[in-house]
Amino acid sequence: MHFDIFTLFPAMFAGPLDDSIVMRARTAGIVSLALYNIRDYAEGKHAITDDYPYGGGGGMVMKPEPIFRALESVLGLPPRSAGELEAAPSSRPTPIILLTPQGRRFDQSVALELADHPRIALICGRYEGVDERVRRQLCTDEISIGDFVLSGGELAAMVIVDAVTRLLPGALGAEQGAADDSHATGLLEYPHYTRPPDFRGWRVPELLLSGHHANVQRWRRQQALLRTALRRPDMLEMAWLTDDDLAFLARLEQDRELAGRLQADL
Ligand SMILES: C[S@@+](CC[C@H](N)C(=O)[O-])C[C@H]1O[C@@H](n2cnc3c(N)ncnc32)[C@H](O)[C@@H]1O
């Protein structure tokens, strides 16, 4: 899978995507990314990429020309103007995603959806954002990473690259599947423990030391259900639950003592 990232600050990407899982996936050829400086597509001696907003007000707005030129050049899109018919969309067009706090909210299901594309373009805004014609005439999608405002789309792009890369086959290695991760199953993940079994008197739950695979699996499932019920009950409405899960949740409702005992592990 390939990401084309359009930004005024390509240097920001050095570091977060050059280490650990994303870097390993890049080295293994599972994911690749290319950074494009929007300023390189601006014309004139000063290569201006932003201008004052029509109608006044504070802040600057990113100009449409350099962004259109960058995307058209990199993705090989024919330049289009008002009144022209859309070129016939190919069977699988590259999504052109504008990062904006006004977009649809990024979550694990959006990450899964994006992981299905062979190529994705991400546009990082700055200042007050991009000229509205970029959103309306160039982008195919708009994504927000949460209900807060960042200074630019770069961190949002890195979040998306990381979350999507984890889902690509082979990115996590055989040992470390993403299948149990929080949100992947519709539940929050169960708690993890590692050695030592006793740290300052805080012991690992005895059952995890038993080596009894089926009991460990049942414990993990129940802990995931309990944790989700306590922290994110809204997720249970959407989660795919077995009859055993539903029976366990019903028991939790009725048996406060059981819920308390299990919570001791959380
Ligand atoms: C300061 S913000 C502009 C916010 C804009 N004036 C508004 O109120 O919608 C600058 C850029 O940061 C990026 N950005 C800010 N918050 C974001 C979020 N929650 N998710 C994704 N991108 C975000 C966008 O690319 C945006 O164009």
Side-chain angles (χ1 to χ4, degrees), residues 1-17 22 31 33-42 46-75 77 93-117 119-167 181-183 232 234-235:
M1 151 149 218
H2 179 76
F3 289 96
D4 292 303
I5 302 174
F6 298 83
T7 168
L8 285 173
F9 297 97
M12 279 186 72
F13 290 80
L17 304 181
V22 175
V31 75
L33 42 110
L35 293 165
Y36 300 97
N37 191 335
I38 294 169
R39 194 171 302 284
D40 293 342
Y41 297 85
H46 299 294
I48 289 170
T49 55
D50 58 293
D51 210 331
Y52 294 100
Y54 279 120
M60 302 296 272
V61 176
M62 286 176 71
K63 289 163 72 59
E65 307 97 307
I67 302 178
F68 270 78
R69 218 174 284 126
L71 272 285
E72 285 165 355
S73 152
V74 170
L75 299 184
L77 303 172
T94 300
I96 300 177
I97 301 173
L98 178 65
L99 297 158
T100 162
Q102 304 181 17
R104 65 182 173 127
R105 187 93 65 85
F106 188 64
D107 63 13
Q108 194 71 8
S109 65
V110 177
L112 267 167
E113 180 196 313
L114 299 184
D116 228 18
H117 291 277
R119 186 177 190 182
I120 287 178
L122 299 172
I123 303 177
C124 307
R126 277 273 152 180
Y127 320 122
E128 284 304 320
V130 301
D131 183 284
E132 183 69 3
R133 288 161 290 189
V134 171
R135 186 187 74 74
R136 292 175 67 126
Q137 306 298 342
L138 187 61
C139 295
T140 61
D141 199 356
E142 296 168 57
I143 290 183
S144 162
I145 62 161
D147 288 346
F148 44 81
V149 177
L150 299 163
S151 307
E154 288 76 13
L155 290 171
M158 290 184 238
V159 165
I160 290 176
V161 170
D162 187 292
V164 171
T165 299
R166 292 177 61 77
L167 297 172
D181 274 348
S182 296
H183 303 286
R232 291 290 305 276
D234 57 301
M235 286 172 61

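For this chain, numbers begin at 1 and follow the sequence in order. Worth knowing before you read on, the calculation uses all heavy atoms, side chains too, and leaves out hydrogens, waters and symmetry mates. Both ligands and their constituent atoms are indexed starting at 1 by order of listing.
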Give me the pairs of N or O atoms, one from ligand 1 and one from the protein, that sit under 3.5 Å apart.
{"from": "ligand 1", "atom 1": "6 (N)", "to": "Glu128", "atom 2": "O", "distance (Å)": "3.1"}
{"from": "ligand 1", "atom 1": "6 (N)", "to": "Glu128", "atom 2": "OE1", "distance (Å)": "3.2"}
{"from": "ligand 1", "atom 1": "9 (O)", "to": "Gln102", "atom 2": "NE2", "distance (Å)": "2.8"}
{"from": "ligand 1", "atom 1": "12 (O)", "to": "Gly152", "atom 2": "N", "distance (Å)": "3.4"}
{"from": "ligand 1", "atom 1": "16 (N)", "to": "Leu150", "atom 2": "N", "distance (Å)": "2.9"}
{"from": "ligand 1", "atom 1": "19 (N)", "to": "Gly146", "atom 2": "O", "distance (Å)": "3.0"}
{"from": "ligand 1", "atom 1": "19 (N)", "to": "Phe148", "atom 2": "O", "distance (Å)": "2.9"}
{"from": "ligand 1", "atom 1": "20 (N)", "to": "Ile145", "atom 2": "N", "distance (Å)": "3.0"}
{"from": "ligand 1", "atom 1": "22 (N)", "to": "Thr100", "atom 2": "N", "distance (Å)": "3.4"}
{"from": "ligand 1", "atom 1": "25 (O)", "to": "Leu99", "atom 2": "O", "distance (Å)": "2.5"}
{"from": "ligand 1", "atom 1": "25 (O)", "to": "Gly125", "atom 2": "N", "distance (Å)": "2.9"}

* To do: Ignoring hydrogens and angles, tell me if any N or O in the side chain of Arg119 forms a donor-acceptor pair with the backbone of Thr94 under 3.5 Å.
  => no
* Minimum heavy-atom distance between Phe68 and Arg133, given as atom pair plus value ->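 Smallest heavy-atom distance, with atoms named: CZ-O, 3.6 Å.
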* Could you tell me which non-hydrogen atom of Val134 sits nearest to which non-hydrogen atom of Val130, and how far apart they are? => CB-CG2, 3.9 Å
* Please tell me if the side chains of Asp50 and Glu128 come closer than 4.5 Å, counting only heavy atoms from C-beta onward. =>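 In short, these two side chains do not touch, never coming nearer than 4.5 Å.
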* Asked: Is there side-chain contact between Val159 and Leu155, with heavy atoms separated by less than 4.5 Å?
  ->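 Result no, sub-4.5 Å side-chain heavy-atom pair not found.
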* Pairs flagged by side-chain hydrogen bond (donor to acceptor under 3.5 Å, both in side chains) wherever residues 53-67 is involved - sequence neighbours left out -> none
